Amino acid sequence: MDVRIEARDRILLAGMGFFGDPFAKASAWDEENEIGSLWKRFSGFLEADPEAIPDRADRGTVGYELHINATETVRTGRYEVFVGLEVRSLGSLPVPCSAKILPPAEYAVITVRGQEIRGDWMGRLYSEIVPSLGRRADESFSFERYDERFKGMDRLEESELEYFIPLARPAGDR
């Protein structure tokens, strides 16, 4: 697992979302959970009309999975999941899609590979890895970035993904 800090400008995403407990039907890294169903719905939408989302960044080949915590997340396990593509503008989105605007931020970026993907790396991120950087996490959201290195759920052993955690400003730095 590689870790780095990266500053990013505002990120515009166009896609589809879900709110609830994504693991009520199936566990993590199972295509039958709500996150897998959301990716299938979004992918099917794009397959039916490849030009439906205009002004894509990165030729529209990089997928994002955004997790947004709610006030009840810790208590209920319910949160928002949004999957989509980065776009350069939000000028004209089709009705089935919505947008998310991520603010400029510094992120802890963790690259996870192969067997690590199914492992317990997520639990260590907030308790060990981010603090080891001398920073603290802004736990309101995080996202995964899937590019050509991610080979699919059936090929996790050969895959890589990047996990982004926004970093909170140090105390007293407003």
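Predicted, not measured: the structure shown is a model, and the values here were computed from it.
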Open item on the list: How about CG on Asp49, more than 12 heavy atoms from neighbouring residues, nucleotides or ligands closer than 6.0 Å, or not?
Closed with: yes
Note: [X]-[Y] ion pair, threshold 4.0 Å (strictly below):
X      : Y      : result
Glu157 : Arg155 : no
Lys100 : Glu80  : yes
Asp147 : Arg145 : yes
Asp21  : Arg78  : no
Glu162 : Arg4   : yes
Glu116 : Arg113 : no

Consider only side-chain heavy atoms of I, L, V, M, F, W and Y, link residues closer than 4.5 Å, and tell whether [X] and [Y] are in one cluster.
X      : Y      : result
Leu38  : Leu46  : yes
Val81  : Ile101 : yes
Phe141 : Phe164 : yes
Ile35  : Tyr146 : yes
Leu66  : Met16  : no

Taking the side chain as C-beta and beyond, is there a heavy-atom pair between [X] and [Y] under 4.5 Å?
X      : Y      : answer
Glu160 : Phe150 : no
Val83  : Leu13  : no
Val62  : Leu85  : no

- [ ] For side-chain contact (heavy atoms from CB on, under 4.5 Å), just list the numbers for Ser37 and Phe18, CA-CA rounded to whole Å, side-chain angles, deciding distance to a tenth of an Å, and then say yes or no.
- [x] CA-CA 10 Å; Ser37 295; Phe18 161 83; over 6 Å; no
What is the minimum heavy-atom distance between [X] and [Y], and which atoms define it?
X      : Y      : result
Arg56  : Glu51  : NH2-N, 4.4 Å
Pro166 : Ser142 : CD-CA, 4.2 Å
Asn33  : Pro22  : CB-O, 3.2 Å
Ile165 : Ala137 : CG2-CB, 3.6 Å
Ile53  : Ala14  : CG2-CB, 3.9 Å
Ile129 : Ser132 : O-OG, 2.6 Å

Task: Pair Ser89, Asp55: side-chain N/O donor-acceptor within cut-off below 3.5 Å - done: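 There is such a pair (donor and acceptor under 3.5 Å, judged by atom type) between the side chains of Ser89 and Asp55.
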- [ ] Indicate whether the side chain of Glu86 and that of Tyr64 have a donor and an acceptor atom separated by less than 3.5 Å.
- [x] yes
Open item on the list: Between Tyr79 and His67, is the ring centroid distance below 6.0 Å?
Closed with: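 Yes; His67 has its ring centre under 6.0 Å from that of Tyr79.
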Task: Between Phe143 and Tyr107, ring centroids under 6.0 Å - done: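 Yes, the ring of Phe143 comes within the 6.0 Å limit of the ring of Tyr107, centre to centre.
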Open item on the list: Would Val109 and Ile5 count as a side-chain contact (heavy atoms from CB on, under 4.5 Å) here? Give the steps.
Closed with: CA-CA 6 Å; Val109 183; Ile5 294 177; over 6 Å; no
Open item on the list: As a test of understanding, state which of Asp2, Leu161, Leu125 forms a side chain to side chain contact (heavy atoms under 4.5 Å, CB included) with Ile110.
Closed with: Leu125
TODO: Give the ring-plane orientation class for Trp39 versus Phe42, where under 30° counts as parallel, over 60° as perpendicular and anything between as tilted.
DONE: perpendicular
Task: Partners meeting salt bridge (Lys or Arg N to Asp or Glu O under 4.0 Å) with Glu106 (sequence neighbours left out) - done: Arg135
- [ ] Would you check if the side chain of Arg8 reaches a backbone N or O of Leu102 as a donor-acceptor pair within less than 3.5 Å?
- [x]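 Here the side-chain-to-backbone pair does not exist.
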Task: Rounded distance (nearest 0.5 Å) linking atom CG of Leu12 with atom CZ of Arg88 - done: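 That separation rounds to 11.0 Å.
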